[in-house]
Every structure is written in C-alpha cells, then in structure tokens.
Amino acid sequence: VVTRDDVEESLKAVFQFVKDKEQLLQDLRSQIEETKKKIVEKQRERDYWLEYKNVGSKIHAERISSLEKDIADVKYELERTEEYYSEALKVVKEENQKMFDRHMKLLSEEALKNAVGYLDKNCRREIEENEWLKEEVKIYRKEERDLKASVQLLEEENTSLVAKLIDIKVQHLRV
C-alpha cells in the first residue's frame with residue numbers, strides 16, 4: 001500500500017533529483033563556457049607565440065645583433081678615446097713640467113737678482129768678480145781642451161814620423 005505521503009515524498013525526491021541534475025547540468029555548462037574561454041585565450045596565446053616564432057623572433061634576433069654591434073662600436077670608440085686622452089694627458093703633464101721648470105729657473109734668477117740688489121757694494125763687486133772668474137775659467141778650460149787636442153795630433157804625427165824614420169833606417173841597414 002502506497003500512501004499519499006509516500007507518493008509526495010517520492011515526487012519530492014524525484015523533483016529534488018531532477019533539480020539537482022539540472023543544477024549539475026547548469027554547473028557543467030558554466031564550466032564548459034569557462035573552459036571554452038580558457039581554450040580561446042590559450043589559442044590566442046598559442047597564435048601569438050607561433051607568430052612570434054615565425055616573425056617576431058627574427059626581428060628581435062636582428063635587433064639583438066644590431067645592439068651587440070652598437071655595443072662593440074661603442075667599446076672601440078671608448079678605447080680610442082681613452083688612448084687619445086691618456087696621450088693628451090701625458091703631453092700636458094710634460095708641458096706642465098717644462099713650464100714649471102722654466103718658471104722655477106726664472107724665479108731663481110729673479111730671486112738671485114733681488115738678493116744681489118740688497119747686498120752692499122763690496123759684496124756685489126765680489127759677486128761680479130766671481131762671475132768674471134767663472135767666465136775666465138770657462139775660457140781657460142776651452143783653451144786647455146784645444147791644446148790637449150793639438151798635442152794629441154802632434155804626438156800622433158810625431159809617432160808616424162818616427163815610424164817612417166825607423167823604416168828608412170831599417171832600409172839603409174839592409175842596403
């Protein structure tokens with residue numbers, strides 16, 4: 001015997017089952033829609049990467065090689081510039097040293113003149129005589145060198161004449 005309550009319960013259970021199945025079907029449809037969206041998105045991403053593989057990667061490879069060439073050019077120019085500036089610095093240092101030496105020489109001469117200016121007449125006369133003596137010493141040293149050179153030439157000439165004289169005597173002795 002089936003009662004009305006049993007039928008209602010059974011109908012409620014069937015209704016609930018159908019409702020659950022419809023909800024499950026609706027959930028599956030929404031999951032299918034999300035999956036389709038993901039598939040479309042992944043398809044777009046795949047198309048993008050395929051296009052990049054076929055076209056974009058070549059463009060980037062060319063750009064990379066161009067940038068590497070630019071880097072090499074910049075390095076070369078940097079090395080040349082560094083060499084130029086190091087040479088220029090060396091020349092400037094040498095020129096500065098020459099100017100410094102010249103300036104120091106002029107300053108020492110000027111200081112000497114100023115110091116002589118403050119000396120009394122006797123000291124100045126002694127300095128002037130000292131300068132005169134230095135010049136005389138230079139002259140005598142030059143004359144001494146000239147005389148030594150003349151003496152050496154004469155000695156060489158005498159040596160050759162004595163050698164000739166000995167040769168002549170040896171010839172006379174043979175005769």
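Bear in mind the structure is a predicted one, so any value in this text is a computation, not a measurement.
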CD-CD distance between Q31 and E33, expressed to the nearest 0.5 angstrom: 11.5 Å

Are side-chain heavy atoms of E135 and K138 found at a separation under 4.5 Å? yes

Looking at residues at least two apart in the chain, or sitting in another chain, which of them share a side chain to side chain contact (heavy atoms under 4.5 Å, CB included) with I166? V162, V170

Below 4.5 Å, heavy atoms only, C-beta onward: do E157 and L153 meet side chain to side chain? no

Please report the C-alpha distance between Q23 and D27 in whole Å, then the side-chain angles of each, then the deciding distance to 0.1 Å, and finally whether the side-chain hydrogen bond (donor to acceptor under 3.5 Å, both in side chains) criterion is met. CA-CA 6 Å; Q23 183 65 37; D27 288 344; 3.3 Å; yes

Got a second to check how far F15's CZ is from E22's CD, nearest 0.5 Å? 8.0 Å

Taking it one step at a time, do R80 and E77 satisfy salt bridge (charged side-chain N to carboxylate O under 4.0 Å, His left out)? CA-CA 5 Å; R80 285 186 52 217; E77 289 297 322; 3.3 Å; yes

Do E41 and K38 pass the side-chain contact (heavy atoms from CB on, under 4.5 Å) test, and can you show the C-alpha distance, the side-chain angles, and the key distance before you say yes or no? CA-CA 5 Å; E41 185 181 321; K38 286 182 182 178; 5.5 Å; no

Would you mind reporting whether F100 and M104 have side-chain heavy atoms less than 4.5 Å apart? yes

Starting at CG of N158, measure out to CG of L165 and round the result to the nearest 0.5 Å. 11.5 Å

Go through the steps to decide whether D167 and Q171 satisfy the test side-chain hydrogen bond (donor to acceptor under 3.5 Å, both in side chains), and finish with yes or no. CA-CA 6 Å; D167 288 342; Q171 285 178 0; over 6 Å; no

Side-chain donor or acceptor of S66 paired with backbone N/O of E62 under 3.5 Å: no

Heavy-atom check, side chain of K21 versus side chain of F17, under 4.5 Å: yes

Spacing of CD belonging to E79 relative to OG1 belonging to T81, to within rounding of 0.5 Å: 10.0 Å

Ion pair present between D101 and K105, side-chain N to carboxylate O less than 4.0 angstrom? no

Decide yes or no for Q152 and K148: does some side-chain heavy atom of the first lie under 4.5 Å from some side-chain heavy atom of the second? no

Atom CD of residue position E82 - does it have more than 12 heavy atoms of other residues, nucleotides or ligands inside 6.0 Å? no

From D70 atom CG to R63 atom CZ, the distance as rounded to the nearest 0.5 Å: 12.0 Å

When rounded to the nearest 0.5 angstrom, what distance separates CG in D20 from CG in L25? 12.5 Å

Angle class for the W49/Y52 ring planes (parallel below 30°, perpendicular above 60°, tilted otherwise)? perpendicular

Using only heavy-atom distances, determine whether the side chains of D6 and T3 contain a donor-acceptor pair under 3.5 Å. yes

Would you check, one step at a time, whether the test side-chain contact (heavy atoms from CB on, under 4.5 Å) holds for E110 with L106? CA-CA 6 Å; E110 188 67 30; L106 290 173; over 6 Å; no

Do Y140 and E144 pass the side-chain contact (heavy atoms from CB on, under 4.5 Å) test, and can you show the C-alpha distance, the side-chain angles, and the key distance before you say yes or no? CA-CA 6 Å; Y140 287 127; E144 179 187 12; over 6 Å; no

Should the pair K98-E94 be classified as a salt bridge under the 4.0 Å nitrogen-to-oxygen rule? no

Does this structure show an ion pair linking E34 with K37, if we count only N-O contacts that are shorter than 4.0 Å? no

Side-chain contact test, heavy atoms from C-beta onward, threshold under 4.5 Å: evaluate it for E8 versus D5 and give yes or no. yes

